[in-house]
Amino acid sequence: MALVHVAVGVILDAHRNILITRRAPDAHQGDLWEFPGGKVEAGESLTEALARELREELGIVIGRTSALLEVRHDYGDKSVLLDVHVVWEFSGEARALEDQPMAWVAPVELGGYSFPAANMPIVAAVARLLVP
């Protein structure tokens, strides 16, 4: 089974809320919430992929980012490598360009949302980083 490399952004607003989006019902792990991002295409760097995906999905241009963690997860029908970066700065107003539900959530509220299993280490890392 091929490993799908995914660039993921933990996007913070000025109040340190985090942007999450909900997967389409017919997508893999459909109707669950996730941190925005998408597949790294052949010949594309991680930074290029993250910038492209967030521009296409949300209409934002990323500024300063930093690596948070890598998550490898095998769903049985699909294996993923999530390359997760915190997006500390961006320009533009985030909009759901793919008509996906989205929400700005305080870090302490992330536990109230249902995420795919591969996203759970991200939720934990965000809590360690942002929750006092």
Side-chain angles (χ1 to χ4, degrees):
M1 177 180 342
L3 182 69
V4 180
H5 189 192
V6 180
V8 177
V10 175
I11 304 165
L12 303 178
D13 70 6
H15 305 288
R16 297 275 172 111
N17 293 311
I18 299 162
L19 182 64
I20 58 174
T21 57
R22 195 165 65 208
R23 297 182 62 77
D26 59 343
H28 185 264
Q29 301 293 305
D31 276 333
L32 297 177
W33 291 88
E34 67 180 352
F35 300 92
K39 292 179 191 172
V40 178
E41 302 294 343
E44 197 174 40
S45 73
L46 178 66
T47 304
E48 291 168 338
L50 185 61
R52 176 184 51 75
E53 286 287 345
L54 298 184
R55 183 179 61 252
E56 290 173 358
E57 286 181 29
L58 303 169
I60 63 172
V61 176
I62 62 173
R64 184 172 63 92
T65 69
S66 62
L68 182 61
L69 78 158
E70 287 185 358
V71 178
R72 289 181 187 269
H73 188 82
D74 184 354
Y75 284 106
D77 61 337
K78 182 185 245 184
S79 290
V80 295
L81 166 60
L82 306 181
D83 224 322
V84 186
H85 278 68
V86 177
V87 178
W88 300 97
E89 299 170 355
F90 65 91
S91 59
E93 182 180 341
R95 302 175 318 279
L97 298 178
E98 298 175 347
D99 294 324
Q100 71 276 33
M102 61 180 254
W104 287 101
V105 179
V108 296
E109 296 173 355
L110 287 174
Y113 291 81
S114 296
F115 288 90
N119 280 223
M120 296 316 294
I122 304 170
V123 172
V126 166
R128 287 190 302 273
L129 180 68
L130 299 174
V131 177

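As a basis for the values below, the full set of heavy atoms in this structure was taken, side chains included, without hydrogen atoms, waters or symmetry mates. In what follows, residues are counted from 1 in the order of the sequence shown.
For Glu44, the side chain to side chain donor-acceptor pair (under 3.5 Å) criterion is met by Arg52, not counting sequence neighbours. With sequence neighbours excluded, no residue satisfies side chain to side chain donor-acceptor pair (under 3.5 Å) with Ser114. Legend: residues meeting side chain to side chain donor-acceptor pair (under 3.5 Å) with Glu57, ordered by chain and number and at least two apart, are absent. In this structure, the side chain to side chain donor-acceptor pair (under 3.5 Å) partners of Asp13, at least two apart in sequence or on a different chain, are Asn17. For Phe90, there are no ring pair (Phe, Tyr, Trp, His ring centres under 6.0 Å) partners at least two apart in sequence or on another chain.
Here Glu34 contributes atom CD and Asn119 contributes atom CG; the two are 6.5 Å apart, rounded to the nearest 0.5 Å. Atom CG in Leu12 sits 9.5 Å away from atom CZ in Arg64 (nearest 0.5 Å). The structure places OH of Tyr113 at 11.0 Å from CD1 of Ile18, a figure rounded to the nearest 0.5 Å. If you take CG on Asp31 and CZ on Arg23, they are separated by 10.5 Å, rounding to the nearest 0.5 Å.
Of all the heavy atoms in Arg55 and Leu97, the pair that sits closest is O-CD1, 3.6 Å. Across every non-hydrogen atom of Glu48 and Gly43, the tightest pair is OE1-O, 4.1 Å. Across all non-hydrogen atoms, the minimal contact from Val71 to Ala118 is CG1-O, 3.4 Å. Nearest heavy-atom pair across Ile62 and Thr47 is CD1-O, 4.4 Å.
At distances below 3.5 Å, at least one donor-acceptor pair connects side-chain atoms of Gln100 with backbone N or O atoms of Glu98. Using a distance-only test at 3.5 Å, with no hydrogens or angles considered, no donor-acceptor pair links the side chain of Arg16 to the main chain of Ala14.
Side-chain N/O atoms of Trp33 and Thr21 include no donor and acceptor closer than 3.5 Å.
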TODO: Could you walk me through whether Glu70 and Leu81 pass side chain to side chain contact (heavy atoms under 4.5 Å, CB included), step by step?
DONE: CA-CA 7 Å; Glu70 287 185 358; Leu81 166 60; 4.1 Å; yes

Open item on the list: Under the criterion side chain to side chain contact (heavy atoms under 4.5 Å, CB included), I'd like the reasoning laid out for Val6 against Asp83: C-alpha separation, chi angles, the key distance, then a yes or no.
Closed with: CA-CA 6 Å; Val6 180; Asp83 224 322; over 6 Å; no

Task: side chain to side chain contact (heavy atoms under 4.5 Å, CB included) assessment of His85 paired with Leu50 - done: CA-CA 9 Å; His85 278 68; Leu50 185 61; 4.0 Å; yes

- [ ] Decide side chain to side chain contact (heavy atoms under 4.5 Å, CB included) for Leu3 and Arg72; before the verdict, give the C-alpha distance in whole Å, the side-chain angles of both, and the deciding distance to 0.1 Å.
- [x] CA-CA 9 Å; Leu3 182 69; Arg72 289 181 187 269; 3.2 Å; yes

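No single ILVMFWY cluster, assembled from side-chain heavy atoms under 4.5 Å apart, contains both Leu68 and Leu54. Neither Leu19 nor Val126 shares a network with the other; the hydrophobic side chains, linked directly or stepwise wherever heavy atoms of I, L, V, M, F, W or Y lie under 4.5 Å apart, form separate groups for each. Transitive grouping of hydrophobic side chains (ILVMFWY, heavy atoms separated by less than 4.5 Å) brings Phe115 and Leu129 into a common cluster. Met102 and Leu32 are not part of a single hydrophobic cluster, where members link through side-chain heavy atoms under 4.5 Å apart. Val8 and Leu46 are assigned to two separate hydrophobic clusters, defined by single-linkage of ILVMFWY side chains at heavy-atom distances under 4.5 Å.
Pairs engaging residues 37-76 under the ring-ring contact (aromatic ring centres under 6.0 Å, His included) rule: His28-Tyr75, His73-Tyr75 [sequence neighbours left out].
Counting heavy atoms from C-beta on, the side chains of Ser91 and Ile60 never come closer than 4.5 Å. Within the 4.5 Å cutoff, the side chain of Ile122 has no heavy atoms near those of the Leu110 side chain. Counting heavy atoms from C-beta outward, Ile11 and Leu58 have side chains that approach closer than 4.5 Å. For the pair Phe35/Val123, a side-chain contact is recorded, criterion being any heavy-atom separation below 4.5 Å from C-beta on. Counting heavy atoms from C-beta outward, Val87 and Val10 have side chains that stay 4.5 Å or more apart.
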